[in-house]
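Below is one structure, written out as structure tokens; the observations come after it.
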Amino acid sequence: MKFMNLFGGQAVPHQLKTVRAEQHDAVLYVELNSPQTGNAVTEPMLDDLLSVLTEPDPATRVIVLSGAGEDFCLGGDRSEFATMVDIDPTGGGIRGTGNKARRVCEAITHSPAVTIARLQGKTIGAGLALALACDLRVGAGTASFRLPELALGLPTAWGGVLPRLLHEVGAARVRELVLTGRAFDAAEAHHLSVLQRVVPEAELDAAVDAWAKPVKRRPAAALRVTKALFSAYAAQTRLADPSALDGELMASVVAAAHYERQQATG
């Protein structure tokens, strides 16, 4: 991605370790910045995202979420999960991280700014949850997507990804994607409404700019109210949304698997 200092952006004043954030006029650019791990989501990354997304500059009309390197995001860091459950076999650390993940995705979804996901390479698991939290999603023609949690012995319970998928895609198709864990390409993602646009990778920035340019001109009050309306109407179709339990569900499954392994080797 052409990061903002190339055309005069202002660095956002946060001490960030795994995320880059720069403000350019009414656009806040947020980049997952751990390309050596495929931008795997860790607790420090969630902390960085919360610090940037929870209270953006009131003048911000657009937030662009992207990933450094070849892939947008390869999902959650499973080695971190293993460390957490070793420290607390009851799953307390995983529970806390799950709650942070939900808060990050809610901050994206309920932001008064229009949120845009810019996707290239692989978008897997937790990465797909972050992307689905955004209002608009554009992907490179070579991008691919996958929900491998079940094959890894985990529930599809991270950041509210399942209710968002059901709302955006539909139950029958989501069932197949979750139960098989198969990868799907950008063309299918567009057909499923996971993506609203597909472009060559070299044109991703231009596609983001094409969306951001008119939004920046919208009156602030009207934009804020329109975003609130989208959130309100979406909530009507998600009355049984149990995503607040995601952290608890993930912790319970991981803790149970840890206990079973201990019993088998003990």
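Keep in mind the model is a prediction, meaning the values are calculated, not measured.
- Residues Leu74 and Leu154 do not share a hydrophobic cluster, clusters being chains of Ile/Leu/Val/Met/Phe/Trp/Tyr side chains in contact below 4.5 Å.
- Remark: side-chain polar atoms of Asp77 are paired, donor with acceptor, to backbone N or O of Ser79 under 3.5 angstrom.
- Side-chain N or O atoms of Asp48 include one that pairs as donor or acceptor with a backbone N or O of Thr18 at under 3.5 Å.
- Under a 3.5 Å cut-off, the side chain of Asn39 and the backbone N or O of Phe72 do form a donor-acceptor pair.
- Closest heavy-atom contact between Leu16 and Ser51: CD2-OG, 3.5 Å.
- Closest approach of Val169 and Leu192 over heavy atoms only: CG2-O, 3.4 Å.
- At a threshold of 4.5 Å between non-hydrogen side-chain atoms, the residues Cys73 and Thr123 do not count as touching.
- At most 12 heavy atoms of other shown residues, nucleotides or ligands fall within 6.0 angstrom of atom CD in Glu70.
- Judged by distance alone, the side chain of Arg102 and the main-chain N or O of Gly98 form no donor-acceptor pair under 3.5 Å.
- Residues Ala26 and Ala59 approach most closely at CB-O, 3.6 Å, considering heavy atoms.
- Looking at heavy atoms from C-beta onward, Thr42 lies out of side-chain contact with Thr37 at the 4.5 angstrom threshold.
- The stretch residues 108-145 participates, sequence neighbours left out, in these ring-ring contact (aromatic ring centres under 6.0 Å, His included) pairs: Phe145-Phe184.
- For the pair Pro35 and Ala68, the tightest heavy-atom approach, listed with the atom from each and the gap, is CB-O, 3.8 Å.
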- Is there a salt bridge (charged side-chain N to carboxylate O under 4.0 Å, His left out) between Arg118 and Glu31 once you walk through the steps? CA-CA 10 Å; Arg118 176 197 184 280; Glu31 182 181 65; over 6 Å; no
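- Side-chain N/O atoms of Thr109 and Arg164 include a donor and acceptor closer than 3.5 Å.
- Side-chain heavy atoms closer than 4.5 Å link hydrophobic residues (I, L, V, M, F, W, Y) into clusters, and following such links, possibly through other members, connects Tyr29 to Trp211.
- Shown here for Ile116 and Ala212, the closest heavy-atom pair between the two residues is CD1-N, 4.3 Å.
- Among the candidates Val30, Leu53, Ile63, the single residue satisfying the side chain to side chain contact (heavy atoms under 4.5 Å, CB included) test with Thr115 is Ile63.
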Counting only pairs under 3.5 Å, give me each side-chain donor-acceptor contact of residues 193-204, with atom names and distances, residues two or more places apart or in other chains.
| from | atom 1 | to | atom 2 | distance (Å) |
| --- | --- | --- | --- | --- |
| Gln196 | OE1 | Arg137 | N | 2.7 |
| Gln196 | NE2 | Asp135 | O | 2.9 |

